[in-house]
Amino acid sequence: MVTHELTFYLAAALLVALTVESCVRLLKRDSFGITVVVYVTVFAWYFVDPFINPEQYDYLPSFLLGQSYGQVLLFLIGFRVFISVAIGWIVRRPSTGVFVTRGLSSEQILIGAGVLWLGLFAIGIYRMGGDVMGAVFPIDSRAGATMWGRGAVETSGSGFLISSAAYLFNAVTAFLGVLIFFQRSTFWRLLAAAMFAITLPYFFLEGSRNHFLAAIVPFLITYLFYGRHFLIIKLAILAVAFVCLKEGFKFVTEFRMAGFRDVLAAENPYALMDEDVREKGLNMIQELCFVDVYLASGDTSPAYGARYLNELLNFIPRVIWPSKPLLGIDYAIWRGFESEDSETGVNTTIASGMIGGGVLNFGQILGPVAAGMLMALWSGLLIRWWEQRQSLLRFMLFMLGAGLTFNLGRDITLLVLWPAIFAYFFVRLAEIWATKRFGLPQLPTVAPANAGPVQVFAGQLSQ
(Lines give C-alpha, C1' and ligand atoms only; values in the text may rest on other atoms or scores of the structure.)
Protein backbone atom coordinates (compact mmCIF):
# COMPACT_ATOMS: atom_id res chain seq x y z
CA MET A 1 0.00 0.00 0.00
CA VAL A 2 2.73 2.50 0.87
CA THR A 3 4.29 2.12 -2.57
CA HIS A 4 1.14 3.66 -4.07
CA GLU A 5 1.74 6.99 -2.32
CA LEU A 6 3.68 9.85 -3.88
CA THR A 7 4.75 11.16 -0.48
CA PHE A 8 6.38 7.80 0.25
CA TYR A 9 8.70 8.25 -2.71
CA LEU A 10 9.35 11.91 -1.90
CA ALA A 11 10.25 11.08 1.70
CA ALA A 12 12.37 8.09 0.64
CA ALA A 13 14.22 10.18 -1.98
CA LEU A 14 14.97 12.93 0.53
CA LEU A 15 16.11 10.35 3.10
CA VAL A 16 18.51 8.78 0.60
CA ALA A 17 19.85 12.19 -0.43
CA LEU A 18 20.44 13.26 3.16
CA THR A 19 22.06 9.93 4.02
CA VAL A 20 24.42 10.24 1.07
CA GLU A 21 25.27 13.79 2.16
CA SER A 22 26.14 12.58 5.66
CA CYS A 23 28.25 9.69 4.35
CA VAL A 24 30.18 12.04 2.06
CA ARG A 25 30.78 14.37 4.99
CA LEU A 26 32.08 11.42 7.01
CA LEU A 27 34.51 10.50 4.25
CA LYS A 28 35.69 14.11 4.29
CA ARG A 29 36.24 13.84 8.05
CA ASP A 30 33.46 16.32 8.76
CA SER A 31 31.66 15.79 12.05
CA PHE A 32 28.39 16.80 10.40
CA GLY A 33 28.32 13.23 9.06
CA ILE A 34 27.30 12.05 12.54
CA THR A 35 23.74 12.97 11.49
CA VAL A 36 23.66 9.66 9.62
CA VAL A 37 22.56 8.00 12.89
CA VAL A 38 19.30 9.98 12.72
CA TYR A 39 18.66 8.95 9.12
CA VAL A 40 19.28 5.30 9.96
CA THR A 41 16.79 5.69 12.81
CA VAL A 42 14.15 7.20 10.51
CA PHE A 43 14.65 4.42 7.96
CA ALA A 44 14.37 1.63 10.53
CA TRP A 45 11.25 2.94 12.27
CA TYR A 46 9.31 4.38 9.32
CA PHE A 47 10.30 2.50 6.16
CA VAL A 48 10.96 -1.12 7.13
CA ASP A 49 7.78 -2.41 8.77
CA PRO A 50 5.42 -1.94 5.76
CA PHE A 51 7.57 -4.39 3.82
CA ILE A 52 8.01 -7.06 6.51
CA ASN A 53 4.40 -6.84 7.75
CA PRO A 54 2.45 -5.63 4.67
CA GLU A 55 -0.82 -7.16 5.84
CA GLN A 56 -0.88 -4.71 8.75
CA TYR A 57 -1.29 -1.83 6.30
CA ASP A 58 -3.94 -3.22 3.95
CA TYR A 59 -6.81 -1.80 5.98
CA LEU A 60 -5.34 1.72 6.31
CA PRO A 61 -6.86 4.28 3.91
CA SER A 62 -4.57 5.47 1.16
CA PHE A 63 -4.93 9.14 2.10
CA LEU A 64 -3.87 8.35 5.66
CA LEU A 65 -0.65 6.66 4.58
CA GLY A 66 0.03 9.51 2.16
CA GLN A 67 -0.50 12.05 4.93
CA SER A 68 1.80 10.18 7.31
CA TYR A 69 4.67 9.95 4.84
CA GLY A 70 4.13 13.64 4.13
CA GLN A 71 4.79 14.19 7.83
CA VAL A 72 7.96 12.09 7.60
CA LEU A 73 9.01 14.42 4.78
CA LEU A 74 8.31 17.47 6.96
CA PHE A 75 10.35 15.92 9.78
CA LEU A 76 13.36 15.41 7.50
CA ILE A 77 13.13 18.96 6.17
CA GLY A 78 12.82 20.40 9.67
CA PHE A 79 15.75 18.34 10.91
CA ARG A 80 18.04 19.28 8.02
CA VAL A 81 17.24 22.98 8.26
CA PHE A 82 17.60 23.20 12.02
CA ILE A 83 20.71 21.01 12.37
CA SER A 84 22.84 23.84 11.00
CA VAL A 85 21.41 26.14 13.66
CA ALA A 86 21.96 23.50 16.35
CA ILE A 87 25.60 23.03 15.35
CA GLY A 88 26.21 26.79 15.55
CA TRP A 89 24.45 27.00 18.90
CA ILE A 90 25.75 23.86 20.61
CA VAL A 91 28.89 22.60 18.90
CA ARG A 92 30.68 25.89 18.37
CA ARG A 93 30.08 27.22 21.87
CA PRO A 94 33.30 27.45 23.88
CA SER A 95 33.54 24.60 26.35
CA THR A 96 33.47 25.43 30.03
CA GLY A 97 34.06 21.83 31.02
CA VAL A 98 37.37 20.27 31.95
CA PHE A 99 38.01 16.99 30.21
CA VAL A 100 40.91 14.80 31.23
CA THR A 101 44.03 15.85 33.08
CA ARG A 102 47.43 14.31 32.80
CA GLY A 103 47.77 11.11 34.72
CA LEU A 104 44.15 9.97 34.32
CA SER A 105 44.58 6.74 32.39
CA SER A 106 42.06 4.42 30.81
CA GLU A 107 42.76 1.98 33.65
CA GLN A 108 41.80 4.61 36.23
CA ILE A 109 38.61 5.35 34.35
CA LEU A 110 37.88 1.62 34.29
CA ILE A 111 38.48 1.39 38.04
CA GLY A 112 36.01 4.22 38.65
CA ALA A 113 33.39 2.67 36.36
CA GLY A 114 34.05 -0.78 37.85
CA VAL A 115 33.61 0.39 41.44
CA LEU A 116 30.32 2.05 40.50
CA TRP A 117 29.23 -1.07 38.59
CA LEU A 118 30.11 -3.32 41.53
CA GLY A 119 28.24 -1.12 44.01
CA LEU A 120 25.11 -1.04 41.86
CA PHE A 121 25.36 -4.76 41.19
CA ALA A 122 25.57 -5.43 44.93
CA ILE A 123 22.48 -3.29 45.55
CA GLY A 124 20.64 -5.16 42.80
CA ILE A 125 21.55 -8.52 44.34
CA TYR A 126 20.41 -7.26 47.75
CA ARG A 127 17.05 -6.28 46.22
CA MET A 128 16.82 -9.84 44.90
CA GLY A 129 17.25 -11.21 48.41
CA GLY A 130 20.82 -12.33 47.74
CA ASP A 131 19.88 -14.43 44.71
CA VAL A 132 22.93 -13.86 42.50
CA MET A 133 21.79 -16.18 39.71
CA GLY A 134 18.31 -14.68 39.74
CA ALA A 135 19.84 -11.20 39.44
CA VAL A 136 22.09 -12.09 36.51
CA PHE A 137 19.61 -14.43 34.79
CA PRO A 138 16.04 -13.18 35.44
CA ILE A 139 14.50 -15.98 33.39
CA ASP A 140 10.98 -15.15 34.61
CA SER A 141 11.40 -11.72 32.99
CA ARG A 142 8.42 -9.44 33.67
CA ALA A 143 6.50 -12.26 35.34
CA GLY A 144 9.05 -12.37 38.15
CA ALA A 145 11.44 -10.17 40.11
CA THR A 146 14.37 -8.31 38.56
CA MET A 147 17.15 -6.24 40.09
CA TRP A 148 15.56 -2.90 39.27
CA GLY A 149 11.91 -3.90 38.96
CA ARG A 150 9.31 -1.70 40.65
CA GLY A 151 5.65 -0.77 40.40
CA ALA A 152 4.44 1.11 37.35
CA VAL A 153 3.09 3.88 39.61
CA GLU A 154 5.56 4.12 42.48
CA THR A 155 4.43 6.59 45.16
CA SER A 156 7.29 6.08 47.62
CA GLY A 157 10.57 7.97 47.57
CA SER A 158 12.43 4.72 46.89
CA GLY A 159 10.87 4.46 43.43
CA PHE A 160 12.87 7.44 42.19
CA LEU A 161 16.10 5.99 43.62
CA ILE A 162 15.46 2.58 42.04
CA SER A 163 14.82 4.12 38.63
CA SER A 164 17.94 6.29 38.92
CA ALA A 165 20.06 3.28 39.85
CA ALA A 166 18.66 1.31 36.91
CA TYR A 167 19.52 4.05 34.41
CA LEU A 168 22.99 4.50 35.87
CA PHE A 169 23.58 0.74 35.77
CA ASN A 170 22.62 0.78 32.08
CA ALA A 171 25.05 3.63 31.38
CA VAL A 172 27.95 2.08 33.29
CA THR A 173 27.48 -1.21 31.46
CA ALA A 174 27.71 0.63 28.13
CA PHE A 175 30.87 2.38 29.36
CA LEU A 176 32.46 -0.95 30.25
CA GLY A 177 31.83 -2.22 26.72
CA VAL A 178 33.61 0.81 25.27
CA LEU A 179 36.51 0.68 27.74
CA ILE A 180 37.41 -2.85 26.67
CA PHE A 181 39.12 -1.45 23.57
CA PHE A 182 41.26 1.12 25.40
CA GLN A 183 42.98 -0.96 28.06
CA ARG A 184 46.74 -1.31 27.64
CA SER A 185 47.13 -4.67 29.35
CA THR A 186 45.43 -8.02 28.99
CA PHE A 187 44.40 -8.09 32.66
CA TRP A 188 42.44 -4.83 32.53
CA ARG A 189 40.95 -5.71 29.16
CA LEU A 190 39.70 -9.05 30.46
CA LEU A 191 38.38 -7.42 33.62
CA ALA A 192 36.33 -4.92 31.62
CA ALA A 193 35.09 -7.69 29.31
CA ALA A 194 34.11 -9.87 32.27
CA MET A 195 32.03 -7.16 33.96
CA PHE A 196 30.40 -6.30 30.66
CA ALA A 197 29.60 -9.92 29.80
CA ILE A 198 28.23 -10.70 33.26
CA THR A 199 25.70 -7.89 32.94
CA LEU A 200 24.37 -8.50 29.42
CA PRO A 201 22.09 -11.47 30.26
CA TYR A 202 20.20 -9.29 32.73
CA PHE A 203 19.42 -6.65 30.11
CA PHE A 204 18.34 -9.26 27.59
CA LEU A 205 16.17 -11.38 29.89
CA GLU A 206 14.48 -8.53 31.78
CA GLY A 207 12.55 -7.92 28.57
CA SER A 208 13.30 -4.32 27.57
CA ARG A 209 14.88 -4.19 24.13
CA ASN A 210 15.85 -0.53 24.42
CA HIS A 211 17.85 -1.17 27.61
CA PHE A 212 19.73 -4.02 25.95
CA LEU A 213 20.45 -1.93 22.86
CA ALA A 214 21.69 0.95 25.02
CA ALA A 215 24.20 -1.45 26.58
CA ILE A 216 25.34 -3.36 23.49
CA VAL A 217 25.28 -0.82 20.62
CA PRO A 218 28.12 1.39 21.99
CA PHE A 219 30.26 -1.75 22.24
CA LEU A 220 29.47 -2.73 18.63
CA ILE A 221 30.17 0.74 17.23
CA THR A 222 33.45 0.99 19.14
CA TYR A 223 34.44 -2.45 17.90
CA LEU A 224 33.79 -1.37 14.31
CA PHE A 225 36.14 1.61 14.58
CA TYR A 226 38.67 0.45 17.17
CA GLY A 227 38.67 -3.35 17.02
CA ARG A 228 41.96 -5.01 16.10
CA HIS A 229 40.59 -7.34 13.42
CA PHE A 230 40.69 -6.71 9.70
CA LEU A 231 37.73 -4.71 8.44
CA ILE A 232 36.22 -7.64 6.52
CA ILE A 233 36.31 -9.78 9.66
CA LYS A 234 34.71 -7.06 11.74
CA LEU A 235 31.91 -6.59 9.21
CA ALA A 236 31.29 -10.34 9.20
CA ILE A 237 31.15 -10.43 13.01
CA LEU A 238 28.79 -7.45 13.10
CA ALA A 239 26.55 -9.13 10.52
CA VAL A 240 26.35 -12.22 12.73
CA ALA A 241 25.63 -10.01 15.75
CA PHE A 242 22.80 -8.31 13.83
CA VAL A 243 21.21 -11.65 12.96
CA CYS A 244 21.52 -12.81 16.57
CA LEU A 245 19.89 -9.60 17.82
CA LYS A 246 17.13 -9.93 15.25
CA GLU A 247 16.35 -13.51 16.23
CA GLY A 248 16.84 -12.91 19.94
CA PHE A 249 14.41 -10.02 20.02
CA LYS A 250 11.73 -12.29 18.54
CA PHE A 251 11.94 -14.38 21.70
CA VAL A 252 12.00 -11.27 23.89
CA THR A 253 8.77 -9.91 22.43
CA GLU A 254 7.06 -13.32 22.52
CA PHE A 255 8.04 -14.50 26.01
CA ARG A 256 8.96 -11.52 28.20
CA MET A 257 5.51 -11.41 29.80
CA ALA A 258 5.52 -15.10 30.79
CA GLY A 259 9.26 -15.71 31.17
CA PHE A 260 11.84 -17.85 29.39
CA ARG A 261 11.69 -21.08 31.39
CA ASP A 262 9.85 -23.00 28.66
CA VAL A 263 12.21 -21.61 26.02
CA LEU A 264 15.30 -22.71 27.92
CA ALA A 265 13.83 -26.16 28.57
CA ALA A 266 12.71 -26.78 24.98
CA GLU A 267 14.80 -28.86 22.59
CA ASN A 268 13.71 -26.60 19.75
CA PRO A 269 12.79 -23.13 21.09
CA TYR A 270 11.50 -22.06 17.67
CA ALA A 271 8.77 -24.69 17.95
CA LEU A 272 7.20 -22.57 20.69
CA MET A 273 6.63 -19.68 18.29
CA ASP A 274 4.39 -19.35 15.28
CA GLU A 275 6.11 -20.29 12.05
CA ASP A 276 5.46 -16.89 10.50
CA VAL A 277 6.52 -14.81 13.52
CA ARG A 278 8.16 -11.59 12.40
CA GLU A 279 9.87 -8.60 13.95
CA LYS A 280 7.47 -6.47 15.95
CA GLY A 281 7.62 -2.91 17.14
CA LEU A 282 9.08 -1.10 14.13
CA ASN A 283 5.62 0.09 13.08
CA MET A 284 5.97 3.78 13.83
CA ILE A 285 4.50 4.76 10.46
CA GLN A 286 1.40 2.77 11.41
CA GLU A 287 1.27 4.53 14.79
CA LEU A 288 1.64 7.86 13.00
CA CYS A 289 -1.49 7.00 11.02
CA PHE A 290 -3.31 6.22 14.28
CA VAL A 291 -2.10 9.48 15.83
CA ASP A 292 -3.53 11.41 12.89
CA VAL A 293 -6.86 9.63 13.31
CA TYR A 294 -6.75 10.30 17.07
CA LEU A 295 -6.45 14.04 16.45
CA ALA A 296 -9.01 14.04 13.64
CA SER A 297 -11.54 12.18 15.80
CA GLY A 298 -11.79 15.10 18.20
CA ASP A 299 -11.01 12.88 21.19
CA THR A 300 -7.90 14.95 21.79
CA SER A 301 -6.29 18.13 20.50
CA PRO A 302 -2.68 19.27 20.10
CA ALA A 303 -1.10 19.70 23.51
CA TYR A 304 1.07 22.63 22.38
CA GLY A 305 4.12 21.24 24.12
CA ALA A 306 2.39 20.02 27.30
CA ARG A 307 3.21 16.39 26.54
CA TYR A 308 6.88 17.24 26.04
CA LEU A 309 6.79 19.23 29.28
CA ASN A 310 5.32 16.25 31.13
CA GLU A 311 8.15 14.11 29.72
CA LEU A 312 10.69 16.68 30.89
CA LEU A 313 9.25 16.87 34.42
CA ASN A 314 8.73 13.14 34.77
CA PHE A 315 11.89 12.87 36.91
CA ILE A 316 10.07 14.51 39.84
CA PRO A 317 9.23 11.71 42.32
CA ARG A 318 5.53 11.00 42.75
CA VAL A 319 5.98 11.33 46.51
CA ILE A 320 6.67 15.05 45.85
CA TRP A 321 4.17 15.44 42.99
CA PRO A 322 1.29 13.00 43.74
CA SER A 323 -0.75 14.18 40.74
CA LYS A 324 2.09 13.75 38.25
CA PRO A 325 0.55 12.82 34.86
CA LEU A 326 0.95 9.30 33.54
CA LEU A 327 2.73 9.38 30.19
CA GLY A 328 0.86 8.17 27.10
CA ILE A 329 -2.05 6.59 28.97
CA ASP A 330 -4.75 8.50 27.10
CA TYR A 331 -3.40 7.35 23.75
CA ALA A 332 -3.12 3.73 24.93
CA ILE A 333 -6.75 3.82 26.15
CA TRP A 334 -7.90 5.25 22.82
CA ARG A 335 -5.99 2.48 21.05
CA GLY A 336 -8.03 -0.09 23.00
CA PHE A 337 -5.62 -1.24 25.70
CA GLU A 338 -7.64 -0.13 28.70
CA SER A 339 -7.53 -2.51 31.69
CA GLU A 340 -9.32 -2.19 35.01
CA ASP A 341 -6.89 -4.63 36.61
CA SER A 342 -3.84 -2.43 35.97
CA GLU A 343 -2.71 0.34 38.31
CA THR A 344 -2.06 2.56 35.28
CA GLY A 345 -5.45 1.85 33.67
CA VAL A 346 -3.94 0.07 30.65
CA ASN A 347 -2.34 -3.31 30.13
CA THR A 348 0.39 -1.81 27.95
CA THR A 349 1.61 1.57 26.82
CA ILE A 350 1.88 2.37 23.11
CA ALA A 351 4.74 4.38 21.64
CA SER A 352 3.54 7.04 19.23
CA GLY A 353 6.97 7.40 17.57
CA MET A 354 9.29 10.38 17.45
CA ILE A 355 7.21 12.03 14.69
CA GLY A 356 3.87 10.97 16.19
CA GLY A 357 4.91 12.56 19.47
CA GLY A 358 5.50 15.83 17.67
CA VAL A 359 2.07 15.59 16.04
CA LEU A 360 0.38 15.01 19.41
CA ASN A 361 2.15 18.10 20.75
CA PHE A 362 1.91 20.61 17.90
CA GLY A 363 -0.46 19.22 15.31
CA GLN A 364 -0.15 17.63 11.90
CA ILE A 365 1.93 20.35 10.23
CA LEU A 366 4.08 21.94 12.92
CA GLY A 367 4.39 18.71 14.91
CA PRO A 368 6.77 16.86 12.55
CA VAL A 369 8.93 20.00 12.23
CA ALA A 370 9.06 20.35 16.03
CA ALA A 371 10.16 16.72 16.35
CA GLY A 372 12.85 17.36 13.72
CA MET A 373 14.08 20.36 15.72
CA LEU A 374 14.36 18.25 18.89
CA MET A 375 16.33 15.58 17.05
CA ALA A 376 18.58 18.31 15.63
CA LEU A 377 19.33 19.54 19.15
CA TRP A 378 20.20 16.01 20.24
CA SER A 379 22.38 15.51 17.15
CA GLY A 380 24.17 18.79 17.88
CA LEU A 381 25.02 17.50 21.35
CA LEU A 382 26.29 14.23 19.86
CA ILE A 383 28.50 16.12 17.41
CA ARG A 384 29.86 18.23 20.26
CA TRP A 385 30.79 15.12 22.25
CA TRP A 386 32.37 13.61 19.14
CA GLU A 387 34.53 16.67 18.61
CA GLN A 388 35.62 16.39 22.25
CA ARG A 389 36.63 12.76 21.78
CA GLN A 390 40.27 13.51 22.58
CA SER A 391 38.94 12.92 26.08
CA LEU A 392 38.16 9.25 26.58
CA LEU A 393 35.38 10.22 28.97
CA ARG A 394 33.67 12.38 26.33
CA PHE A 395 34.24 9.68 23.72
CA MET A 396 32.36 7.24 25.97
CA LEU A 397 29.52 9.76 26.28
CA PHE A 398 29.31 10.01 22.50
CA MET A 399 29.18 6.25 22.05
CA LEU A 400 26.42 5.92 24.64
CA GLY A 401 24.47 8.76 23.01
CA ALA A 402 24.87 7.23 19.55
CA GLY A 403 23.56 3.95 20.92
CA LEU A 404 20.52 5.67 22.47
CA THR A 405 19.60 7.56 19.29
CA PHE A 406 17.99 4.52 17.70
CA ASN A 407 15.71 4.15 20.72
CA LEU A 408 14.49 7.73 20.25
CA GLY A 409 12.69 6.49 17.15
CA ARG A 410 9.94 5.14 19.41
CA ASP A 411 9.60 8.34 21.41
CA ILE A 412 11.62 11.48 22.02
CA THR A 413 11.59 11.19 25.79
CA LEU A 414 13.87 11.42 28.80
CA LEU A 415 12.90 7.83 29.57
CA VAL A 416 15.27 6.94 26.72
CA LEU A 417 17.93 9.56 27.47
CA TRP A 418 18.29 9.13 31.24
CA PRO A 419 21.32 6.79 30.89
CA ALA A 420 23.17 9.54 29.00
CA ILE A 421 22.17 12.15 31.57
CA PHE A 422 23.41 10.05 34.49
CA ALA A 423 26.53 9.18 32.50
CA TYR A 424 27.19 12.89 31.98
CA PHE A 425 27.14 13.48 35.74
CA PHE A 426 29.58 10.58 36.17
CA VAL A 427 31.90 12.12 33.56
CA ARG A 428 31.75 15.58 35.11
CA LEU A 429 32.56 14.21 38.56
CA ALA A 430 35.51 12.32 37.09
CA GLU A 431 36.72 15.46 35.33
CA ILE A 432 36.41 17.58 38.48
CA TRP A 433 38.26 14.95 40.54
CA ALA A 434 41.01 14.69 37.93
CA THR A 435 41.39 18.47 37.78
CA LYS A 436 41.83 18.77 41.53
CA ARG A 437 44.31 15.91 41.64
CA PHE A 438 46.44 16.53 38.56
CA GLY A 439 46.20 20.25 37.96
CA LEU A 440 45.79 21.93 34.57
CA PRO A 441 43.76 20.05 31.93
CA GLN A 442 45.33 18.15 29.10
CA LEU A 443 43.55 16.33 26.26
CA PRO A 444 45.19 12.99 25.52
CA THR A 445 44.25 11.45 22.17
CA VAL A 446 41.78 8.59 22.24
CA ALA A 447 43.59 5.74 20.52
CA PRO A 448 43.86 2.12 21.63
CA ALA A 449 47.03 0.10 21.39
CA ASN A 450 47.92 -1.19 17.91
CA ALA A 451 45.52 1.21 16.18
CA GLY A 452 45.02 0.25 12.55
CA PRO A 453 43.85 2.24 9.50
CA VAL A 454 40.15 2.15 10.47
CA GLN A 455 40.95 3.41 13.96
CA VAL A 456 43.11 6.21 12.60
CA PHE A 457 40.31 7.20 10.20
CA ALA A 458 37.80 7.22 13.04
CA GLY A 459 40.09 9.35 15.16
CA GLN A 460 40.50 11.95 12.41
CA LEU A 461 36.93 12.38 11.21
CA SER A 462 36.51 15.91 12.47
CA GLN A 463 40.13 17.05 12.54
**Report entry** Residue pair Leu404 / Ala420: nearest heavy atoms and the distance that separates them
**Finding:** CD1-CB, 3.6 Å
Query raised in the report: What pair of heavy atoms forms the shortest contact from Ala215 to Leu200, and how long is it?
Result: CB-CD2, 4.3 Å
Query raised in the report: Residues two or more places apart in sequence or in another chain: which of them pass side-chain contact (heavy atoms from CB on, under 4.5 Å) with Ala303?
Result: Ala306, Arg307, Asn361
Requested in this report: Verify ring pair (Phe, Tyr, Trp, His ring centres under 6.0 Å) between Phe395 and Trp385, making sure each step is shown before the conclusion.
Outcome: CA-CA 7 Å; Phe395 175 81; Trp385 287 341; over 10 Å; no
Query raised in the report: Mind checking what makes salt bridge (charged side-chain N to carboxylate O under 4.0 Å, His left out) contact with Arg256, not counting sequence neighbours?
Result: none
Query raised in the report: Hey, mind stepping through Val38 and Trp378 against side chain to side chain contact (heavy atoms under 4.5 Å, CB included) and telling me if it holds?
Result: CA-CA 10 Å; Val38 174; Trp378 171 246; 5.7 Å; no
Query raised in the report: Parallel, tilted or perpendicular for His229 and Tyr223, by the 30°/60° rule?
Result: perpendicular
Requested in this report: Classify the side-chain pair Glu287/Tyr331 by whether it contains a donor and acceptor separated by less than 3.5 Å.
Outcome: yes
Query raised in the report: Of all heavy-atom pairs between Ile350 and Arg335, which one has the smallest distance, and what is that distance?
Result: CG2-NE, 4.2 Å
**Report entry** Residues that Phe249 engages under side-chain contact (heavy atoms from CB on, under 4.5 Å), provided they are two or more places apart
**Finding:** Phe204, Arg209, Phe212, Leu213, Leu245, Val252
Report task. Could you tell me if the ring centre of Tyr46 sits under 6.0 Å from that of Phe75? Result -> no
Query raised in the report: Going from CZ on Phe315 to CG on Leu415, what distance comes out if it is rounded to the nearest 0.5 angstrom?
Result: 12.5 Å
Report task. Scan side-chain atoms only and decide if Glu311 and Thr413 contain a donor-acceptor pair under the 3.5 Å cut-off. Result -> yes
Query raised in the report: Hey, are Arg384 and Glu387 close enough for a salt bridge, meaning a charged N less than 4.0 Å from a carboxylate O?
Result: no
**Report entry** Steps toward side chain to side chain contact (heavy atoms under 4.5 Å, CB included) verdict (Val42, Ile355)
**Finding:** CA-CA 9 Å; Val42 173; Ile355 301 176; 5.5 Å; no
Query - Phe169 CZ to Leu120 CG distance, which is reported to the nearest 0.5 Å - result: 6.5 Å
Requested in this report: Could I get the full list of side-chain contact (heavy atoms from CB on, under 4.5 Å) partners for Ala376, not counting sequence neighbours?
Outcome: Phe79, Phe82, Ile83, Ala86
Query - Close side-chain approach of Pro138 to Tyr202, heavy-atom, < 4.5 Å - result: yes
Query raised in the report: Hey, would you say the Phe182 and Tyr226 ring centroids sit under 6.0 Å apart?
Result: yes
Query - Polar contact flag, side-chain donor to acceptor under 3.5 angstrom, Trp117-Thr199 - result: yes
Report task. Apply salt bridge (charged side-chain N to carboxylate O under 4.0 Å, His left out) to Arg261 and list each qualifying residue two or more places apart in sequence or on a separate chain. Result -> Asp140
Query raised in the report: Yes or no on side chain to side chain contact (heavy atoms under 4.5 Å, CB included) for Tyr424 and Leu417, after CA distance, side-chain angles and deciding distance?
Result: CA-CA 11 Å; Tyr424 179 79; Leu417 296 179; over 6 Å; no
Query raised in the report: Phe196 and Phe219: ring pair (Phe, Tyr, Trp, His ring centres under 6.0 Å), yes or no, with the steps?
Result: CA-CA 10 Å; Phe196 180 66; Phe219 168 80; 5.1 Å; yes
Requested in this report: Report the C-alpha distance between Val72 and Tyr69 in whole Å, list the side-chain angles of each, state the deciding distance to 0.1 Å, and finish with yes or no for side chain to side chain contact (heavy atoms under 4.5 Å, CB included).
Outcome: CA-CA 5 Å; Val72 175; Tyr69 274 108; 4.3 Å; yes
Query raised in the report: Can Glu431 and Arg394 be said to form a salt bridge (Lys or Arg N to Asp or Glu O under 4.0 Å), step by step?
Result: CA-CA 10 Å; Glu431 291 170 349; Arg394 295 297 173 115; 2.9 Å; yes
Report task. Scan side-chain atoms only and decide if Thr405 and Thr41 contain a donor-acceptor pair under the 3.5 Å cut-off. Result -> no
Report task. Please say whether more than 12 non-hydrogen atoms of neighbouring residues, nucleotides or ligands are located less than 6.0 Å from CG in Asp299. Result -> yes
Report task. May I ask you to decide if the ring planes of Tyr167 and Trp418 are parallel, tilted or perpendicular, using 30° and 60° as cut-offs? Result -> tilted
Requested in this report: Tell me yes or no: between the side chains of Asn283 and Gln286, is some donor less than 3.5 Å from an acceptor?
Outcome: yes
Report task. Mind checking side-chain contact (heavy atoms from CB on, under 4.5 Å) for Pro302 and listing every partner two or more places apart, or none if nothing turns up? Result -> Leu295, Tyr304
Query - Test item: Leu116 and Phe426 side chains (from C-beta on) under 4.5 Å apart, heavy atoms - result: yes
Requested in this report: Determine the minimum heavy-atom distance between Gly363 and Pro368, stating which atoms define it.
Outcome: O-CD, 3.7 Å
